[in-house]
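Just so you know, these numbers use all the heavy atoms, side chains as well, and skip hydrogens, waters and symmetry mates. A, B, ... follow the sequence lines: proteins, then strands. Residue 1 opens every chain.
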Protein chains: 2
Amino acid sequence: MTGTNPQTARSGRGRVLTVAKIARLAGVSAPTVSRVINGQTGVALETRRRVEAILREHGYRRPGGSTSVAIVELVFHALESLWALEIIRGVERVAREHDLAVVLTEMQGRLTPGRAWTEQVLTRRPTGVIAVFSELTVAQQSQLATRSIPLVVLDPTGEPLHQTPSVGATNWNGGLAATRHLLDLGHRRIAMLGGPPEWPCCRARLDGYRAAMDAAGVPVDPDLVRISTLYVEGGLADGRELLALPDPPTAIFTANDLQALGVYEAARLAGVGIPDELSVVGFDDLSFTRWSGPPMTTIRQPLEQMGATATRMIIDLAAGQSLDQHRVELATELVVRESTAPPSRG
Amino acid sequence: MTGTNPQTARSGRGRVLTVAKIARLAGVSAPTVSRVINGQTGVALETRRRVEAILREHGYRRPGGSTSVAIVELVFHALESLWALEIIRGVERVAREHDLAVVLTEMQGRLTPGRAWTEQVLTRRPTGVIAVFSELTVAQQSQLATRSIPLVVLDPTGEPLHQTPSVGATNWNGGLAATRHLLDLGHRRIAMLGGPPEWPCCRARLDGYRAAMDAAGVPVDPDLVRISTLYVEGGLADGRELLALPDPPTAIFTANDLQALGVYEAARLAGVGIPDELSVVGFDDLSFTRWSGPPMTTIRQPLEQMGATATRMIIDLAAGQSLDQHRVELATELVVRESTAPPSRG
DNA sequence: CTGAAAGCGCTTACAG
DNA sequence: CTGAAAGCGCTTACAG
């Protein structure tokens, strides 16, 4: 009577992990371990810490749990543009190849998921969590860690977290390439429409712009560097102000394609022709850029592959493998279309 | 010592379902039920049948398993445009309000999910399934029905199925409104760029166009009605051919916004100005239409609400309620922007 | 093919 | 805060 219950938690090697064994390892009783696993109160902080460490170390999982329903959680701050859809596609593709179900959540613009989300995720016991353009609280991170649910962040918004594995694009290189392209065309009054610089991806694009300008020996006019929102409206508003300057820019590099579309509209309203009187470079290469009037020069971000990469990292981590690198940056690429040309004046 | 194990399977009402109870109901012992549940051999066919019937009837679920994970399955033929994203948002919003997890699957362009999908869905035992722009086989439908998993189709592609609840928009009205708008502006040579007419939503838009033309007493020139693909490339190719006709149209109504974007590009390449020389009306009102050059007149389809409605139908059906109506069509609306104007000639 | 008995893993009052 | 004891749900040899 071996009593091997198929619902029983197993570690990677097939060694059966039970609450009793964890208890023995931690030097406590089974009920105490049970309480820790279920997040109940009435356990001394010190004891809880010790038990959690052992749980994590041995990769304990509840019996049954995710055995039949293997899930990867995908959390977005917002589902607003094709940017999100490309990432979803990449995640879904790799997940499907590994028989993982993708559970999608939107946080309605907030950058940190709420308590309700955390509770539900802990109930669902996913194989892993991918957080896009967001940040988990330290408490949320440790709750996942306790249950050995790996977390990967795509385009992290917080302080570059060295512990949390993350995926992004070579944003700095992208900013550099976009600006150098404009410089090579002969532009000198090049404006940068940035996103909120507290977000590393936006900051890196801005820094790439500055680096290219410095390298070319072109001083950056502070009036031409503006922080805007990452939406069409932001590009429209700030684009109008830039074009209304006494000495307006001959080129504008924006932090994303939506902003660039806003600049298009600002130029249209101001009667400024693209690319004859104004060059515009976007960032992302969302599909509509190919069909905008005129087709947009932009920095391609491999969003689908970023989603796919994040998912593969989750799968590797869940299998107990260590990652080659905790921070993966996929290459950006300059895509030259018809919104950039040599300056007509200056 | 109630021994209420959180891993215990529960029916909807909270009544605890155990192997022992199923055994009592089936008039067999618990080990026999256990063997049936785990698909082991050594159970008489007759007994197995009886036990399976009881299990299904009472909705027995393995402990732990998917019990606590309430899921709604969302299947797309493809995740390609903002069209999909809007629907996802609507589904996700209502699902979140009801503590349901949204599991997203893409079928890479196929209109019927494969065997692997079916197996996984049956394993996940979702609260319901929403199929977008697709069709389930009769076998798949009955597999869901057997497990009382409700199915709702959004924009069905097959024969209008009277048994399967579905959600759509008032496509015929939309086609009528778009065409009437162009007629009211004075256009007579109005082209229609349709999608594949075997898809009811496309067929209805085309029929709405014809109805408006007939009502206005304007004969439809067969050369001006073309069936195209629902992508930018389709609108570009067919738009170019329309504009190359000896007697080209003064207005084009397209089956969706992507096609209309293709027509924009065709006009740009042909040096035809919008709206001065050509009026264009799209369909969907995806967000980029507001920012296309010029901003697009289009028929708004409430995609977010369609997703939300489908999800509410699933929730009602899963709760055992009957639906008010099995086919819901949400209203479309003409949004007039700057791509339409009176014809310059004719 | 079937069930009574044994036993495993987990959790829950309860005592200290 | 902690653990010994009780007990639930499930499964597995074993007997018939």
Side-chain angles (χ1 to χ4, degrees), chain A residues 1-11 13-55 58-69 122-123 125 146-148, chain B residues 1-11 13-55 58-69 123 125:
Chain A
M1 212 162 291
T2 55
T4 304
N5 183 322
Q7 247 102 290
T8 300
R10 287 159 180 282
S11 76
R13 310 285 201 93
R15 198 165 61 82
V16 182
L17 265 179
T18 64
V19 165
K21 281 188 184 159
I22 298 290
R24 204 167 330 122
L25 287 162
V28 296
S29 71
T32 299
V33 175
S34 173
R35 282 187 274 260
V36 170
I37 290 169
N38 294 291
Q40 289 177 15
T41 55
V43 180
L45 186 61
E46 167 65 25
T47 310
R48 160 162 274 135
R49 286 266 160 73
R50 197 164 70 249
V51 173
E52 277 178 345
I54 306 270
L55 285 169
H58 291 77
Y60 178 83
R61 300 202 166 196
R62 274 176 139 141
S66 24
T67 308
S68 45
V69 181
L122 296 180
T123 308
R125 311 206 144 256
T146 304
R147 290 155 179 88
S148 49
Chain B
M1 212 161 295
T2 54
T4 303
N5 183 321
Q7 245 103 291
T8 300
R10 289 159 180 281
S11 75
R13 312 282 204 96
R15 198 165 60 81
V16 180
L17 265 180
T18 64
V19 165
K21 280 188 183 160
I22 297 289
R24 207 173 321 128
L25 287 163
V28 296
S29 71
T32 300
V33 174
S34 173
R35 282 188 274 261
V36 170
I37 290 169
N38 293 293
Q40 290 176 13
T41 56
V43 180
L45 187 62
E46 166 64 24
T47 309
R48 159 163 274 134
R49 287 265 160 75
R50 197 164 70 249
V51 173
E52 277 178 344
I54 307 268
L55 285 169
H58 292 76
Y60 178 82
R61 303 192 169 197
R62 275 177 138 133
S66 24
T67 306
S68 43
V69 180
T123 308
R125 309 203 142 260

Reading 5' to 3' and counting Watson-Crick or G-U wobble pairs with both distances under 3.5 Å, write the dot-bracket notation for DNA chain C, | for bases paired outside the strand. |||.||||||||.|||

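One interatomic measurement links the two molecules: NZ of K21(A) to C1' of dG9(C), which rounds to 11 Å at whole-angstrom precision. Between R24(B) atom CZ and dC8(D) atom P there is a gap of 13 Å when expressed in whole angstrom units.
Between H58(B) and L25(B), the closest heavy-atom pair is NE2-CD1, 3.6 Å. For the pair A26(B) and V51(B), the tightest heavy-atom approach, listed with the atom from each and the gap, is CB-CG2, 4.1 Å. Of all the heavy atoms in R48(A) and R35(A), the pair that sits closest is NH2-O, 4.0 Å. Among all heavy-atom pairs drawn from A30(A) and V19(A), the shortest one is O-CG1, 3.5 Å.
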Which pairs, protein N/O on one side and nucleotides 1-3 of chain C N/O on the other, fall under 3.5 Å?
| residue | atom | partner | partner atom | Å |
| --- | --- | --- | --- | --- |
| dT2(C) | OP1 | T47(B) | OG1 | 2.6 |
| dT2(C) | OP2 | A44(B) | N | 2.9 |
| dT2(C) | OP2 | T47(B) | OG1 | 3.3 |
| dG3(C) | OP2 | S29(B) | N | 3.0 |
| dG3(C) | OP2 | S29(B) | OG | 3.1 |
| dG3(C) | OP2 | T32(B) | OG1 | 2.9 |
| dG3(C) | N7 | R35(B) | NH2 | 3.0 |

